Structure formats: structure tokens, C-alpha cells
Number of protein chains: 4
Amino acid sequence: PDVQGSQDQRRVAINKVGVKDIRYPIALDTPSGGKQSTVATVNMYVSLPQEKKGTHMSRFLEILNKYHEAISSKDIMLVCHDMKQRLNADDAHLELEFPYFIDKEAPISGMPGKLDIEVSFECNSNGTDDFILGIKVPATSLCPCSKEISKYGAHNQRCVMEAKVRFAEGQSMMIEELFEIVEKCASTQVFSVLKRPDEKFVTEDAYENPKFVEDIVRDLAVALNNEDRIAWYQVNSENFESIHNHNAYAMVERDKR
Amino acid sequence: PDVQGSQDQRRVAINKVGVKDIRYPIALDTPSGGKQSTVATVNMYVSLPQEKKGTHMSRFLEILNKYHEAISSKDIMLVCHDMKQRLNADDAHLELEFPYFIDKEAPISGMPGKLDIEVSFECNSNGTDDFILGIKVPATSLCPCSKEISKYGAHNQRCVMEAKVRFAEGQSMMIEELFEIVEKCASTQVFSVLKRPDEKFVTEDAYENPKFVEDIVRDLAVALNNEDRIAWYQVNSENFESIHNHNAYAMVERDKR
Amino acid sequence: PDVQGSQDQRRVAINKVGVKDIRYPIALDTPSGGKQSTVATVNMYVSLPQEKKGTHMSRFLEILNKYHEAISSKDIMLVCHDMKQRLNADDAHLELEFPYFIDKEAPISGMPGKLDIEVSFECNSNGTDDFILGIKVPATSLCPCSKEISKYGAHNQRCVMEAKVRFAEGQSMMIEELFEIVEKCASTQVFSVLKRPDEKFVTEDAYENPKFVEDIVRDLAVALNNEDRIAWYQVNSENFESIHNHNAYAMVERDKR
Amino acid sequence: PDVQGSQDQRRVAINKVGVKDIRYPIALDTPSGGKQSTVATVNMYVSLPQEKKGTHMSRFLEILNKYHEAISSKDIMLVCHDMKQRLNADDAHLELEFPYFIDKEAPISGMPGKLDIEVSFECNSNGTDDFILGIKVPATSLCPCSKEISKYGAHNQRCVMEAKVRFAEGQSMMIEELFEIVEKCASTQVFSVLKRPDEKFVTEDAYENPKFVEDIVRDLAVALNNEDRIAWYQVNSENFESIHNHNAYAMVERDKR
């Protein structure tokens with residue numbers, strides 16, 4: 001008995017139906033031509049017309065199983081296209097979120113280390129294709145007001161800057177390229193390994209570049225305004241204030257098209 | 001030195017700036033005329049024009065401190081209006097999320113107990129006012145396909161149904177009213193206390209009402225279509241499948257206006 | 001058919017069996033004689049001898065329902081005793097964790113505000129009674145090394161200090177008393193509302209009191225060594241380093257008995 | 001100025017000090033001789049004697065950077081030994097937690113898929129070495145009481161079984177070996193891909209093997225009692241009850257030595 005294939009009488013079309021919070025290993029292409037292995041949380045949905053009773057849940061996993069070893073921001077829409085075809089659907093939605101590791105040397109000592117950032121792919125395919133690349137980058141923010149009004153010192157804290165971008169027609173960017181633009185916008189950068197001269201450097205660098213959460217998102221906006229490959233962006237920063245038990249937050253969204 | 005009050009030259013207006021993830025005690029009006037105390041996670045943002053350097057973060061907390069003992073879905077927009085005025089802003093955004101407790105008696109034994117649901121208020125005030133009431137209701141879903149194809153039994157699991165609604169002009173609903181509509185849409189309800197006859201009842205009730213995740217969101221949609229006070233809704237269900245380590249999900253959104 | 005009451009042949013006694021992650025409203029006695037309402041996450045377990053097939057899960061919720069409106073660290077062991085009796089068990093274990101709000105005025109302006117701390121009760125009753133009170137207190141830490149080696153500034157960040165304590169025979173403490181001891185041990189305190197003179201104060205106060213994570217836990221240990229009502233403690237601090245994307249952590253445990 | 005190297009006068013030795021919640025890519029040896037790449041959350045601590053002011057935080061990351069590409073449960077204590085030596089400490093503590101993927105074919109159709117389990121390594125080295133291997137395995141539990149008392153059906157739900165084990169002198173086990181023992185102890189197994197005949201199989205298999213949370217931990221205990229390589233264990237199961245919004249939980253701990 002094909003329960004999912006029977007007719008539905010309620011006249012309600014479903015925007016999205018599928019599988020959520022699948023944890024799966026993936027491998028991504030890197031700029032150097034190699035692969036980076038990581039673990040993604042994946043959501044996969046299609047639309048369902050009003051007359052169809054149900055979708056076929058197992059096919060989503062079969063598709064994921066087919067593609068997971070060769071994921072790239074360039075080719076990820078192909079997975080969406082395959083979802084539409086195999087599920088016989090008008091719309092397909094695919095979301096991946098995963099930690100990604102950037103090799104970074106400490107600023108003075110040159111000690112090697114890895115910085116973990118959070119990357120997301122949001123893919124939607126209906127009449128047209130839509131792809132949003134997102135990255136969350138940890139950094140340091142130092143408060144200009146606190147610096148200005150205090151005899152010495154200034155409160156500072158870890159922040160997480162997020163940039164979500166849509167590309168102009170025919171354009172794309174590697175994760176590493178977007179990361180480099182974003183990372184420059186805070187008071188200073190964070191590192192996994194810092195020796196004493198490195199710690200001196202980042203402390204002084206942050207003090208010399210005080211930024212409100214408003215400054216960080218404005219600098220992110222200016223940087224992405226200057227990048228012609230990007231057609232739309234939403235940027236935000238969340239600062240884990242060292243002087244409060246809540247966070248400061250700011251967001252700017254712009255469609256250049 | 002008024003650092004926040006100085007001029008900014010970057011020509012970037014900020015959509016949202018403020019405070020995020022504040023944990024604060026609140027008291028809500030209940031239908032019986034009493035108060036329910038709970039703990040909310042609160043976000044408060046305003047817009048900032050391009051020439052202004054920064055907003056005044058401490059004022060958000062002063063506003064929260066003023067209103068937190070008398071929160072209701074009916075009057076919550078007033079807080080948004082106060083944010084606009086005190087922060088001299090064009091737009092204000094206020095988000096609250098909190099557990100809310102519904103007194104529910106077990107279906108056969110009548111044993112008293114409390115069910116925890118998750119409630120959200122999303123308020124936006126710029127030219128016009130916009131309020132979205134959201135509730136997340138736990139329940140049971142039982143798979144029609146599994147029931148149909150198996151000699152006996154059927155896989156079932158906890159699910160969480162979410163309904164977000166906008167009201168028609170001049171209309172509103174208590175949390176309890178929306179809860180009652182939503183709760184009926186799963187295979188059966190969940191309870192905090194169940195004695196043996198109650199457990200027999202919910203087991204059989206679920207078996208007699210098998211529903212795919214698609215059926216749950218369709219039944220939610222039909223129920224909200226029939227409620228004239230609601231002008232827009234987005235409903236979804238997430239089913240924590242007992243036969244997988246990932247979840248099934250479906251979503252329907254509709255603007256009736 | 002009393003399935004839970006039948007005999008089990010596997011010869012395996014169960015250390016803990018019961019209900020976990022119940023979210024429930026509770027009301028606590030305050031020093032001023034009033035009540036503070038909050039929302040707890042509750043675990044309730046008993047031991048089960050090898051011959052018994054199962055425990056009676058619904059009774060845990062009935063007990064919680066009976067006591068939830070009058071919780072205090074002084075009387076919480078009574079709930080454990082009731083669990084032993086009603087479930088006919090040798091051992092009972094009760095765990096509560098909840099946000100608790102401390103009224104705190106800003107250090108210079110005196111502006112009122114609330115600080116959210118996290119409180120835990122761990123109760124074990126078998127032959128003897130055992131009660132552990134725990135609190136997690138957010139604060140600011142400022143790095144002595146960064147201050148020492150840098151021309152200006154010093155990296156600082158939010159930290160969370162935790163103290164878990166057992167009391168000496170016949171002794172007890174209010175949450176507020178333990179909070180006051182713990183809060184003094186960081187570089188400076190955090191507040192929900194800070195006006196400009198307050199921000200200047202906490203910035204300078206932190207700079208004048210640089211502390212490694214090691215210093216914080218040692219100061220916590222010294223403070224609790226000096227408190228005769230406390231017989232055992234475990235203290236730790238987790239510092240959300242502003243210069244890294246990982247945290248610094250230290251822990252000291254001592255039994256004075 | 002060597003701030004960390006200076007003398008401390010407070011006479012408080014520190015049990016653990018180091019770095020917490022580092023996210024890092026690791027590669028593990030698999031039974032087939034290959035490698036599995038995943039992402040771990042890592043904590044690294046050492047003890048600090050009372051006279052020493054501070055430890056050297058950056059060295060933990062240098063050690064992690066050295067070993068992360070060749071992690072195995074067999075050799076992980078070597079990392080602990082290296083921590084003791086490089087940090088000049090009496091005790092070292094190393095904790096890793098990571099998702100690990102098991103290739104599993106669907107029970108009837110043989111469709112390939114991956115199951116994500118959660119693995120933990122806890123290593124302590126002071127006078128002696130101590131290693132605890134932990135795995136968390138998702139599965140299905142079906143309630144015997146619900147089956148017994150109901151005309152048809154039985155409530156079932158996803159559960160997570162956890163086993164933590166210490167090995168007998170000179171013994172060890174691959175993750176896959178412990179997984180196979182644990183997975184058999186629930187009502188039935190979960191899979192990432194299930195076609196219709198598979199869904200029929202797991203539905204009926206669960207119905208034919210009803211187990212309370214008490215039964216699951218007892219079956220886990222019996223299975224580990226029979227495994228001579230294991231000297232100590234703690235097993236638990238958390239069942240996400242489909243008829244409640246809270247979970248059932250049971251735990252058994254045994255030292256065979």
C-alpha cells in the first residue's frame with residue numbers, strides 16, 4: 001500500500017517537508033586543491049503540492065550519501081537540482097552548517113595553529129537558483145567609550161561576526177576569501193596559539209583599534225560594498241560583553257542589485 | 001566626551017542595534033485574571049541612522065526593568081513604542097521567548113499536572129506595528145505508513161508543533177486559546193502525569209490517529225484557516241523519529257490578507 | 001497486569017532510575033521573607049533493587065507537583081525523603097537547576113538592575129543525607145600577563161565562576177550569602193545596567209585587579225576556607241578569552257572535614 | 001617579566017588548570033586500517049602546585065597541534081604523558097568528545113548509510129594512568145507496560161544509551177566493538193536510510209522486544225559483565241518519552257575489580 005502516494009483532500013500545499021538535523025561527515029574542496037573533512041548538520045526539504053499525501057523521506061538520505069564526499073560552494077546547487085528531480089518536486093531547499101578550520105600563524109612568533117569558524121550553505125531552487133554563503137568568525141572587540149572615559153584599560157571581549165552573502169551572476173568566492181575580508185573588521189583577530197610577544201601584539205592592536213558593535217558592522221558593510229562579486233549581504237556582530245551578562249548586537253542588510 | 005553621539009562618516013545605516021540574550025524574570029497576565037511568573041530570554045534592538053555613531057545600550061535595560069512585571073501579548077507593543085521614544089529611533093524590535101505552563105489534567109484519571117510550552121513574542125514598530133505570537137507545543141505523532149505495513153505496532157515519537165500567527169486588525173488571542181487549537185492537531189497529546197488508565201488511553205488514541213508530519217502541518221493549517229482572528233500564520237512540526245537519529249519536518253506559511 | 005511489579009531475574013540492581021529534564025515552575029524563599037518565582041530543570045531518581053522489574057514514573061511528578069511552590073535550600077531534603085517513602089526506595093536523588101535573580105545597583109549611579117545567576121541543588125539521601133548547593137556567577141577577568149607586557153590595555157573577558165559547597169553539620173547558607181562571597185573573587189563584577197560613570201568604574205576596577213584564572217580559583221578557595229559553615233567545596237572558573245576562540249579553566253576541590 | 005613563573009603565597013594547590021572547549025579536527029584509526037576524520041571538542045588540564053603562580057596555556061595547543069592527525073584510543077595516553085612533561089606537572093587530564101560514524105546497512109534492503117554516535121575519551125595520568133572510553137548510541141525503546149495494557153500499539157521513542165568503560169590491565173577495544181555490544185540492548189536499532197520493508201522490520205522488531213529504561217540498562221550491564229576486557233563500567237539510557245515532555249532515565253555502575 002503506497003500510503004504516501006494517496007490523494008489528500010485538505011487543499012493545503014506544503015512549503016517545505018523533509019529531514020532535519022542530520023549529522024553527516026562531509027569533505028570540502030580547499031583552495032590548494034586538497035580536501036578538508038568536517039562534520040555537517042544538514043536539513044533537506046522539498047515542496048509538496050496539495051493533492052499529494054506525503055514525500056519520500058528515505059530519498060533525501062540517499063542523495064546525501066551520494067554527494068557528501070565532494071561538497072563545494074561552487075557545485076552545491078547540483079544537489080538541490082538532484083533533490084527536485086528525485087523527489088519530483090517544484091522547490092528544493094538544502095541547508096548545511098559545519099565547522100571549518102583556517103590555518104593561521106601567530107602574528108609575531110609565527111607559531112602555526114587552526115582557527116575554527118562556522119560555515120553555512122543555504123540553497124533554494126524553484127524557478128530560479130538561490131545560494132547564500134554564510135560564515136561566523138570569532139574575533140576581539142574593544143569598547144571606544146570605555147577607552148575614552150577610563151584612566152587606563154578598556155573593556156574588551158570575544159565577538160562573533162557573521163556575514164551572509166549572495167553572489168552576482170556567475171560569481172563565487174572560496175570560504176577563505178570571504179573569511180579574510182571579514183576577519184579584518186574587528187578590533188583585532190583571535191588565534192589558537194599565542195606566545196608572549198603575540199599576546200602583547202593582540203592586546204595593543206585591540207587597544208589601538210577600539211570599535212563599537214556598530215563600528216564592526218559598518219566596517220563589514222563597507223568591505224562588502226567594495227567587493228563586486230557580492231550582490232547582497234547581511235552582516236552582524238554579537239559581542240559577549242565582559243562587563244555584562246548579556247550581549248551587544250548589530251545588523252546591516254543590503255541588496256546592491 | 002559623548003563618544004556615541006559623535007558623527008559617523010561611513011554612510012551606513014544600521015538596521016538593528018541593541019542588546020541580545022538578556023535573561024530576565026517576567027510576569028504575564030493569565031485568562032483567570034492572575035499572573036504567571038516565568039523567565040524570558042529577551043532581545044531589544046532599534047535602527048540607527050547613518051550619521052549617528054552609536055546607540056545607548058543601557059536604556060534598553062532600563063526599559064525592560066520598567067515593564068517586566070506586567071507583560072501581556074495585548075500590551076507588548078507599548079514597550080516597542082517606548083523603545084522608539086527613549087532611544088529616539090525610527091524602528092524598534094523586541095523579541096521575548098519563555099517557557100509557559102498550562103495546567104492539564106490527565107485524560108482518564110484527572111490527575112493534575114503542568115505542561116511546559118515555549119512562547120515567543122516578536123514585535124516590530126516602524127511606520128506600522130507588527131506583532132507575531134508564537135507557541136511551540138510538544139505532542140505525539142504516530143506514523144501511518146508504519147502502522148499500515150506492519151503486522152502490529154507503529155513507530156511513534158515526541159514531536160514539537162510550532163505556530164506563529166499575526167492577528168487581523170483589532171484582534172488578539174490569549175496564549176491558552178492558540179494552545180488549544182494547536183494541541184488537537186497531533187496524533188495524541190502529551191501530559192506530565194499519566195497513571196495506567198491514562199497511558200492506555202494515549203497509546204490507543206495515537207494508534208487510532210496516525211499522522212505523517214505532512215498531516216500535522218495540514219491539520220494545523222486547516223485549523224488556523226478556520227480562525228478569523230488570524231490573518232497570517234506559519235506552522236511547522238518537527239518529529240523526533242524513533243526509527244532514525246534525525247528528525248522529520250514540515251512547514252506551511254499562509255497570508256490570508 | 002502490574003508489569004513494573006513483576007520479578008526480574010538478571011540480578012542487576014539499578015543505581016538510579018527516574019525522570020530527567022522536567023521543566024517546572026518553582027518558587028523559592030528569599031532572605032527578605034518573600035518568594036522568588038523561576039523555572040527549574042529537574043531530575044528525580046531512586047535506586048531499584050535487583051528483583052524489582054520497574055519503578056513508578058508518575059509518582060515523581062506527583063511529588064514535584066506537591067512541593068514546587070515552596071522550595072528552599074533548607075527544606076529541599078524533605079522532598080528526597082518523600083521520594084524514598086513514596087517510591088519505597090533505599091536511595092533518592094534530586095537535582096534542580098534554575099536561573100535566580102539578584103538585585104544589584106550599578107556601582108556609581110546606583111541604577112537598579114537584576115543579575116541572573118545559575119543555581120543548582122543536588123540532594124542525595126540513602127543511609128545519610130547529602131546536599132550540595134551550587135551557584136554560577138558571571139563576572140569579569142583581566143589578564144595580569146597581558147597587562148604587564150603591553151604598553152597599554154590588557155585583554156579581559158566575561159568569566160563564569162562556579163562554587164559547589166557542602167555545609168558543616170547543622171549549618172546552611174542562603175543563595176545570596178554564597179553569591180556575595182563568590183562575586184568578590186573576580187577582577188570586577190558585571191551588572192545589567194551601567195551608565196557612563198559606572199562603565200568607567202568597572203573598566204578601571206578590572207585593570208587594577210588583574211587575575212589569571214588560577215588567581216580566581218585560589219581567591220575563591222581562600223574565601224571558602226575562611227567560611228566555617230562550609231565543610232567541602234569545589235570551585236572553578238571558566239574564562240571566555242577575548243584573544244582565543246577557546247576558554248581558560250581552573251578548578252580546586254577541598255574537603256575540610 | 002615571567003608573570004606565570006612567580007611565587008604564589010596563598011597555599012592553594014590547583015587540581016586542574018588549562019584550556020576548555022577547543023574545537024579541533026582529528027583523525028582516528030579505524031579497524032580496517034584507514035582513518036576517519038571528525039571534529040572534536042577538547043579539554044586539556046594539568047595540576048599546579050601551590051607555589052606556582054600560573055601554567056603555560058599556549059603549550060596545550062602546541063601539543064594538540066602535534067597529535068591531532070593520529071588519535072586512537074590505544075595511544076591517547078601518550079598525549080597525557082606529553083602534557084605532564086611539557087607542562088612540568090604531576091597530573092594531566094585530557095578529554096575529547098566527537099561524533100563518529102558507523103557504516104550500517106538497512107536491515108532488509110541492505111541500503112548503505114551512516115549512523116552518528118558520540119564518542120568520548122577521558123584520560124587521567126598522575127601516579128597511574130586511567131582511561132575511560134565512552135559512547136552514546138541512539139536506538140529505539142518500546143514500553144512493555146503500554147503494550148501490555150493497550151488494545152493495540154505501544155508508545156515508543158528514540159533513546160540514547162551511553163556506556164563508559166575502563167579496560168582490564170593490558171586490554172583495549174575499538175569503538176566499533178563497544179558499539180556492537182551496546183546497540184543490541186535496546187528494543188530495536190535506528191538507521192539513517194530505511195526503505196519500506198526496513199520500516200516494517202524495525203516497527204515489528206521493536207514491538208516484539210518491549211523494554212523499560214530499566215531493562216535497557218540491565219541488558220547493558222549483563223552484556224558488559226560478560227566481556228572480560230572490561231573492568232569497570234557505567235551505563236545509562238535516556239528515553240525521550242513520546243507521551244511526556246520529559247525523559248525517562250536509568251543508570252547502573254559496576255566495578256568488577
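Here is how names work: the chains are called A, B, and so on, in the same order as the sequence lines, proteins then strands, and each is numbered from 1. Predicted, not measured: the structure shown is a model, and the values here were computed from it.
- Rounded to the nearest 0.5 angstrom, C:Thr203 OG1 and A:Ile243 CD1 are separated by 6.0 Å.
- Separating the CD atom in C:Glu148 from the CD atom in A:Glu199 is a distance of 11.5 Å, to the nearest 0.5 Å.
- Between the side chain of C:Arg158 and the backbone N or O of A:Gln157, no donor-acceptor pair lies under 3.5 Å.
- A distance of 7.0 Å separates OG of C:Ser192 from NE2 of A:His246, quoted to the nearest 0.5 Å.
- Taking 4.5 Å as the limit, some side-chain heavy atom of A:Ile149 sits within range of a side-chain heavy atom of C:Lys200.
- Counting heavy-atom pairs under 4.5 Å between each of C:Ser150, C:Gly153, C:Ala139, C:Gly113 and chain A puts C:Ser150 at the top.
- Distance alone, capped at 3.5 Å, places no donor-acceptor pair between the C:Glu204 side chain and the A:Tyr152 backbone.
- Using modelled atom types and a 3.5 Å distance limit, the side chains of A:Thr140 and C:Ser242 yield no donor-acceptor pair.
- For C:Leu115, the part sitting under 4.5 Å from any heavy atom of chain A is the side chain, from C-beta outward, and nothing else.
- Under a 3.5 Å cut-off, the side chain of A:Asn245 and the backbone N or O of C:Pro138 do not form any donor-acceptor pair.
- Heavy-atom distances place the side chain of C:Cys143, and not its backbone, under 4.5 Å from chain A.
- Counting heavy atoms from C-beta outward, C:His155 and A:Val202 have side chains that stay 4.5 Å or more apart.
- With a 4.5 angstrom heavy-atom cutoff, C:Asn247 touches chain A via backbone and side-chain atoms both.
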